[in-house]
Amino acid sequence: MSKHSPASSTGPKRVRAHHLRAMKERGEKIVALTAYDAVTSALLDAAGVDLLLVGDSIGNTMHGHDTTLPVTVEDMIPAARGVARAADRAFVVVDLPFGSYESGPEQALATAVRFMKETGAHGVKLEGGERVVEQVRAISQAGIPVVGHLGYTPQSEHALGGPRVQGRDDAEQLLADARAIADAGAIAVVLEMVPVPLAQRVTEALAVPTIGIGAGPGCDGQILVWTDMAGMGDWAPRFVKQYARLGEALREAAQTYAGEVRDGSFPAAEHGFDK
Ligand code: KIV
């Protein structure tokens, strides 16, 4: 295990919001992945991942939707409970799903409080810049760590015209959005599909860490959707590096199992009970 691994004896027992900021100050990269259940959470936590995001990408990855828009608070709660229960060390953040915070700070705070009370997570994330500043402020002032999300924001996919790089023509607005939510109390900002130089500029402008996804190496940390990172499917976005081919391995295991059940070689004697 590397001495920089958060799971090392020199790292904190539980990663907390102030550790993320300290990591930025030390120039130590923050490692983040999504997780949607206890099994995966335990594995990723043991691997030393600093931050686990119960992303509303659960809609695409686990529930078979084309977008994150149908995901509800009721979908997120059991997923977040499983992830939070199984993570001994990672900082667990839950996405506020579409429709659960846009109406205003009161709605946002009510959803965030519900997540904190009912799931055991350590913080929440929401999408947007200046338009959600009051939501960020209300959640933060209630003592709940809140992470922002700028650039390509999947909950606005129909307004943005699908997954496209953001900030090419309006870099100053993205920078203003980042400053606004950081000033309102965001503890970190996810930058998704943002040009590398702009992500670097935002990272330099903020005291809080940026966590990039398709935003280049200049961010203070990186996040990927775990199923993309581990190669669960045949396709992943261009900005993803696949570190394994778990989908293929699972298919092969299931095929071997099916063959052995059909030809009678499973279960063998050692898988049964004499009495
Ligand atoms: O829901 C999600 O998985 C996310 C990441 C892409 C950052 O918001």
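If you read the sequence from its start, that first residue is 1, and numbering goes on from there. Atoms considered below: every heavy atom in the structure, side chains included; atoms not considered: hydrogens, waters and symmetry mates. Being a predicted model, the structure only gives us computed values, none of them experimental. As the structure lists them, so they are numbered: ligands from 1, and atoms in each ligand from 1.
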* To do: Sort out for me which residue in Leu96, Val93, Val54, Val94 forms a side-chain contact (heavy atoms from CB on, under 4.5 Å) with Lys125.
  => Val93
* To do: Output yes when Glu172 and Arg179 qualify as a salt bridge under the 4.0 Å nitrogen-oxygen rule, no when they do not.
  => no
* **Residues which pass side chain to side chain donor-acceptor pair (under 3.5 Å) with Ser57, listed by chain and number, not counting sequence neighbours** => Tyr36
Could you give the N/O to N/O pairs under 3.5 Å linking ligand 1 and the protein, each with its distance?
from     : atom 1 : to     : atom 2 : distance (Å)
ligand 1 : 1 (O)  : Asp56  : N      : 3.2
ligand 1 : 1 (O)  : Asp56  : OD1    : 3.0
ligand 1 : 1 (O)  : Ser57  : N      : 3.1
ligand 1 : 1 (O)  : Ser57  : OG     : 3.2
ligand 1 : 1 (O)  : Asp95  : OD2    : 3.1
ligand 1 : 3 (O)  : Ser57  : OG     : 2.5
ligand 1 : 8 (O)  : Lys125 : NZ     : 2.9

* Could you list who else is in Trp235's hydrophobic cluster, with ILVMFWY side chains joined at under 4.5 Å, directly or through other members? => none
* Connected hydrophobic set around Phe98, excluding itself, where side chains approach under 4.5 Å -> Leu69
* Donor-acceptor contact below 3.5 Å, side chain Glu102 vs main chain Gly99 -> yes
